[in-house]
Number of protein chains: 2
Amino acid sequence: MARRGSYAKGVAKREEILRAALAVVAREGYHGASVKELAEEVGLSQAGLLHYFDSKDELFVEILRTRDEVDMAGHSGTVDDTATLDELRDGYLDIVRHNARVPGLVELFTRLAADAANPEHPSRAFFAERGAGLRERWAGTIADAQAKGAIRDDIDPMLAARLLQAASDGAQMQLLVEPELDMAALIETLFALMRSSDRP
Amino acid sequence: MARRGSYAKGVAKREEILRAALAVVAREGYHGASVKELAEEVGLSQAGLLHYFDSKDELFVEILRTRDEVDMAGHSGTVDDTATLDELRDGYLDIVRHNARVPGLVELFTRLAADAANPEHPSRAFFAERGAGLRERWAGTIADAQAKGAIRDDIDPMLAARLLQAASDGAQMQLLVEPELDMAALIETLFALMRSSDRP
DNA sequence: GTCTATATGTTGATAGAC
DNA sequence: GTCTATCAACATATAGAC
């Protein structure tokens with residue numbers, strides 16, 4: 001089976017395919033793309049491509065997972081324990097700005113989010129884990145910032161993290177219809193609302 | 001053509017179909033439902049149902065539009081000019097709570113939002129108009145509230161309205177994966193963050 | 001590991017009878 | 001206005017050759 005491909009060659013090839021597929025969706029967009037289309041652009045036949053994945057649905061979920069990994073890797077510098085709230089926020093806004101330039105992936109994200117409504121669909125697990133991880137990390141960051149007086153202490157950190165996730169995902173929905181939308185400014189506004197107002 | 005059906009009978013039947021279809025999607029959910037499935041549950045053949053719509057895509061967009069109309073009608077009492085911010089917020093939260101109980105429609109909403117990435121798709125116009133209307137109304141409400149000192153005056157009303165829309169749509173995405181999520185509490189938190197803190 | 005070929009299923013749309 | 005019947009198009013998944 002593809003996922004259990006323990007030989008380095010198979011895993012490496014799978015990675016290679018996913019990177020290429022990611023680039024294709026980013027460039028060409030995603031309007032109900034078929035495996036065949038994607039396969040040809042990646043340089044394989046449809047059956048050849050599917051050899052590495054359990055199904056079409058799993059393939060597309062893995063493309064999204066690869067994007068996250070690429071995004072994370074690109075900003076690993078800011079994710080150490082000494083990072084301040086502002087640094088973490090700016091790192092996050094960088095990712096937001098980057099994603100806003102790739103509407104094809106935003107569309108894929110949104111479509112798979114809809115698929116996740118079905119508990120049997122591979123994207124369900126992906127979104128559940130992704131959301132939980134994102135919120136856990138931000139809830140911790142926010143709690144720390146509250147201890148330092150940088151964030152209002154009258155909101156629950158987990159609820160604030162949830163709100164950040166919701167605003168991010170919802171902003172992407174708006175982006176699909178208004179490609180010129182400044183998503184980062186929107187998220188920045190939310191951070192501003194959460195900041196302690198210790199002015200008179 | 002279906003949309004130009006100027007005879008009362010045709011329009012009425014179309015309405016009737018949409019109400020029935022809305023109820024079906026709400027009850028049964030929506031996992032890539034086909035026109036045929038929906039037609040049978042509505043009591044028509046596939047061709048008979050499609051007689052009233054230009055295409056499958058238009059049909060599903062109209063179902064979503066119908067939901068909005070039903071939601072609006074159910075809360076028209078609070079939408080007069082004398083309504084306070086709190087009343088408008090509570091009316092909105094009522095709709096949010098109501099929608100949270102109908103995951104099938106949330107899924108349809110999310111799927112069509114993804115389709116809206118394609119400018120040719122009928123859902124594009126729907127989401128563009130819906131978003132603009134929602135934001136215009138809330139931006140006005142928020143500006144009024146700022147004038148009265150109820151909302152922080154350091155945020156742009158339109159940006160705040162956008163944030164409210166984003167949080168609402170994004171919360172729905174989380175709901176798809178966590179059906180037990182308290183969406184209203186999430187949105188309420190955002191309102192709380194926007195409220196003026198004129199305490200010491 | 002990758003291909004060709006195909007099995008098998010579905011879908012949305014249309015033509016035409018009633 | 002609604003149905004039956006039919007269509008072409010296309011999908012994914014698999015079998016088997018190389």
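This one's a predicted model, so the numbers in the text were calculated from it and none came from an experiment. A, B, ... follow the sequence lines: proteins, then strands. Residue 1 opens every chain.
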Please determine if B:Glu16 and B:Arg19 form a salt bridge, counting it only when a charged side-chain N lies under 4.0 Å from a carboxylate O.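 Result for this pair is no, no salt bridge flagged.
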With a 4.0 Å cut-off on N to O distance, would you call B:Asp94 and B:Arg97 a salt bridge?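 So B:Asp94 pairs with B:Arg97 through a salt bridge.
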Expressed as a whole number of angstroms, how long is the span from [X]:[atom1] to [N]:[atom2]?
{"X": "B:His51", "N": "C:dG12", "atom1": "NE2", "atom2": "P", "answer": "19 Å"}
{"X": "B:Glu40", "N": "C:dG12", "atom1": "CD", "atom2": "P", "answer": "12 Å"}
{"X": "B:His121", "N": "C:dG12", "atom1": "NE2", "atom2": "C1'", "answer": "13 Å"}
{"X": "B:Arg14", "N": "D:dG1", "atom1": "CZ", "atom2": "P", "answer": "12 Å"}
{"X": "B:Leu38", "N": "C:dT11", "atom1": "CG", "atom2": "P", "answer": "12 Å"}

Distance-only, no hydrogens or angles: does the B:Gln146 side chain make a donor-acceptor pair with backbone N or O of B:Arg152 under 3.5 Å? yes
Between B:Ser123 and B:Val61, is there a donor-acceptor pair closer than 3.5 Å when you use the side chain of the first and the backbone of the second?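 No, B:Ser123 side chain to B:Val61 backbone: no donor-acceptor pair under 3.5 Å.
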So how far is it from A:Leu112 CG to B:Arg111 CZ, rounded to the nearest 0.5 Å?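 Atom-to-atom, A:Leu112:CG and B:Arg111:CZ are 9.5 Å apart.
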What string of B, S and - do you get for nucleotides 11-16 of chain D 5' to 3' if you count protein non-hydrogen atoms under 4.0 Å? SBBB--
Could you go through the side-chain contact (heavy atoms from CB on, under 4.5 Å) check for A:Phe53 and A:Leu18 one step at a time? CA-CA 11 Å; A:Phe53 301 90; A:Leu18 283 173; 3.8 Å; yes
